[in-house]
Amino acid sequence: LPPGPHSPHFDAFLAVVHPEDRDRVAEVVGRVRQQEQPEEFAFRTVSPDGGVRHLSASIALERDERGRPVSYHGAMVDVTRLKEVEASLVRLAATDELTGIHNRRRFLELLRSEMERCGRYDHHVSLAMLDIDNFKRINDTHGHGVGDEVLRRLSATIARALRTSDVFGRIGGEEFAVILSETSPDMALAACQRLVRTVADTGAVTSAGVLHLTISVGLATAYSDKAQPEGMAAGRLGCACGMDADMLLRLADQALYQAKAEGKNRVCRFEQRADPAPETAHEPSETASVVLPDAGCDDASSLDKKDEKRT
């Protein structure tokens, strides 16, 4: 439309732009006033009912024969549906379809990011690997449909018991993992013990009835050089955080196998010390904390190379 009563004032236009986008839109418009070329940009608007729309726009400045600014003109396209589809695809790529928590790929991305923070800001990061005890028996007895119900119920139970800062994901099958950031090893152990007790006390309500559940947990902690406790060999694993994400996964997985071997329904903790002598401490509760020996930590028996089926 030509300039006139149909052309809204710029302030009126800016008033419907999303508050977080207003400064950027004003900056684009100001930049176009100083140049000959049009600009393309994206922004959001807010309707009177609070609905948010995504727009893709192109704007240029019209000048008169003397080069004086006359008006802005351009085009806007509503791309809200496209943005919704993009957001849905991002969620699908990062979410486990069955349980609604982080899938393996997204969880590992977040773990690597947290390990980088560990080295940069000198704090602990603990990784807990969780596995449902005797899950194969549930599938064999009640069918895979009930097994899926158990996975969903367990995910909800654990998610409710975690802090908002904790990261929870499904690694595969009946195996889950939790990142406990900025948490001391003893606090991480206590948190894992609470999870074990909570799952045992809650069970899972399924179409086959209420099923008793227990989990085994393997726990490992990475330390930055400054945060390493006394007695631990500094920098032994070759990076600023003491180890990389793959190493932490292997150690937590090794501790999980130990928890299974010790009788299930418990927590086993891996600790790497300068003295490789093994030390074991069982607590009077249903869970146990185990300090595993340093020997074999760099062994090739990693998460990807173990073929033994957990039960």
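Along the sequence shown, residues are numbered consecutively beginning with 1. Side-chain atoms are counted along with the backbone in the values below, which use heavy atoms only and exclude waters and symmetry mates.
- One distance of note links CZ of Arg160 with CZ of Phe168; it measures 11.0 Å at 0.5 Å rounding.
- The shortest distance between side-chain heavy atoms of Leu256 and Cys268 does not fall below 4.5 Å.
- The closest donor-acceptor contact from the side chain of Asp166 to the backbone of Arg163 lies under 3.5 Å.
- Not a single donor-acceptor pair under 3.5 Å links the side chain of Thr183 to the backbone N or O of Met187.
- No side-chain heavy atom of Val52 sits under 4.5 Å from any side-chain heavy atom of Thr45.
- Contact annotation: the side chain of Leu61 never approaches that of Val29 to less than 4.5 Å [non-hydrogen atoms, C-beta and beyond].
- The line from CG of Leu98 to CD1 of Ile101 is 9.0 Å long, rounded to the nearest 0.5 Å.
- Using a 4.5 Å heavy-atom cutoff, the side chains of Phe41 and Glu27 are not in contact.
- With sequence neighbours excluded, the residues satisfying side-chain contact (heavy atoms from CB on, under 4.5 Å) with Glu40 are Ser58.
- In this structure, a donor-acceptor pair under 3.5 Å is present between the side chains of Thr99 and Asp96.
- Checking side-chain atoms of Ser113 against main-chain N and O of Glu109 turns up no donor-acceptor pair under 3.5 Å.
- Val79 has its side chain out of reach of Leu55: every pair of non-hydrogen atoms, C-beta onward, lies at least 4.5 Å apart.
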Practice item. Evaluate salt bridge (Lys or Arg N to Asp or Glu O under 4.0 Å) for Asp201 paired with Arg197, printing each intermediate quantity in order. Key: CA-CA 6 Å; Asp201 292 343; Arg197 287 193 293 268; over 6 Å; no

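- You'll find the side chain of Val196 stays beyond 4.5 Å of the side chain of Arg266, heavy atoms only.
- The pair Arg112-Asp246 counts as a salt bridge, with a side-chain nitrogen and a carboxylate oxygen less than 4.0 angstrom apart.
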Check your understanding: Leu211 and Val146: side chain to side chain contact (heavy atoms under 4.5 Å, CB included), yes or no, with the steps?
Key -> CA-CA 10 Å; Leu211 302 183; Val146 171; 3.9 Å; yes

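- By the side-chain contact (heavy atoms from CB on, under 4.5 Å) test, Ser88 pairs with Arg91, Leu92, sequence neighbours left out.
- In plain terms, the two heavy atoms of Pro185 and Leu219 that are nearest each other are O-CD2, 4.4 Å.
- Under 3.5 Å, the side chains of Gln258 and Glu262 contain a donor-acceptor pair of N or O atoms.
- Smallest separation of non-hydrogen atoms from Ala177 and Leu127: CB-CD1, 4.2 Å.
- Between Val125 and Leu248, the closest heavy-atom pair is O-CD2, 4.3 Å.
- Residues Val167 and His102 form a side-chain contact, since some pair of their non-hydrogen atoms from C-beta on lies under 4.5 Å apart.
- By the neighbour-count criterion of 12 heavy atoms within 6.0 Å, atom CG of Asp23 is sparsely surrounded, having that number or fewer from other residues, nucleotides or ligands.
- Looking at Thr80, its side chain does come within 3.5 Å of a backbone N or O of His54 through a donor-acceptor pair.
- Applying the 6.0 Å contact sphere to CD of Glu97 captures no more than 12 heavy atoms from other residues, nucleotides or ligands.
- A donor-acceptor contact shorter than 3.5 Å links the side chain of Arg22 to the backbone of Leu14.
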Review point. Given the rule in the salt bridge (Lys or Arg N to Asp or Glu O under 4.0 Å) test, do Arg44 and Glu20 qualify, once you have shown the distances and angles that lead to the verdict?
Key: CA-CA 9 Å; Arg44 295 164 295 175; Glu20 295 179 0; 3.1 Å; yes

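- How far OG of Ser184 is from NE2 of His124: 6.0 Å, rounded to the nearest 0.5 Å.
- Screening Glu39, Arg31, Gln37 for a side chain to side chain donor-acceptor pair (under 3.5 Å) involving Gln35 leaves a single residue, Glu39.
- Taking all atoms of both residues into account, the shortest heavy-atom contact from Arg24 to Phe43 is NH2-CA, 4.0 Å.
- Of all heavy-atom pairs between Met129 and Ala252, the closest is CG-CB, 3.4 Å.
- A salt bridge links Glu182 and Arg117; the closest N-O separation between the charged side-chain nitrogens and carboxylate oxygens is under 4.0 Å.
- With rounding to the nearest 0.5 Å, the separation of CG in Asn139 from CG in Asp148 is 7.5 Å.
- Of the inter-residue distances, the one linking Leu213 atom CG with Arg153 atom CZ reads 11.0 Å to the nearest 0.5 angstrom.
- Shown here is Arg137, whose CZ atom has no more than 12 heavy atoms of other residues, nucleotides or ligands within 6.0 Å.
- The shortest side-chain heavy-atom distance between Lys260 and Asp133 falls under the 4.5 Å cut-off.
- In this structure, Val28 is not a member of the same hydrophobic cluster as Val77, with clusters built from ILVMFWY side-chain heavy atoms closer than 4.5 Å.
- The distance between the ring centers of Phe135 and Phe176 does not fall below 6.0 angstrom.
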Check your understanding: Hey, mind stepping through Lys264 and Asp131 against side chain to side chain contact (heavy atoms under 4.5 Å, CB included) and telling me if it holds?
Key -> CA-CA 9 Å; Lys264 307 175 184 178; Asp131 191 86; over 6 Å; no

Practice item. Please assess Ser216 against Asn265 for the test side chain to side chain contact (heavy atoms under 4.5 Å, CB included), listing each intermediate value before the final yes or no. Key: CA-CA 5 Å; Ser216 297; Asn265 190 31; 5.7 Å; no

Practice item. List the steps, then state whether side chain to side chain contact (heavy atoms under 4.5 Å, CB included) holds for Leu195 with Leu162. Key: CA-CA 8 Å; Leu195 289 179; Leu162 294 173; 4.1 Å; yes

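- The CD atom of Glu116 sits 11.0 Å away from the CG atom of Asp244 when rounded to the nearest 0.5 Å.
- At most 12 non-hydrogen atoms from other residues, nucleotides or ligands lie less than 6.0 angstrom from CZ of Arg105.
- When all heavy atoms of Met115 and Ala222 are compared, the pair lying nearest together is CE-CB, 3.9 Å.
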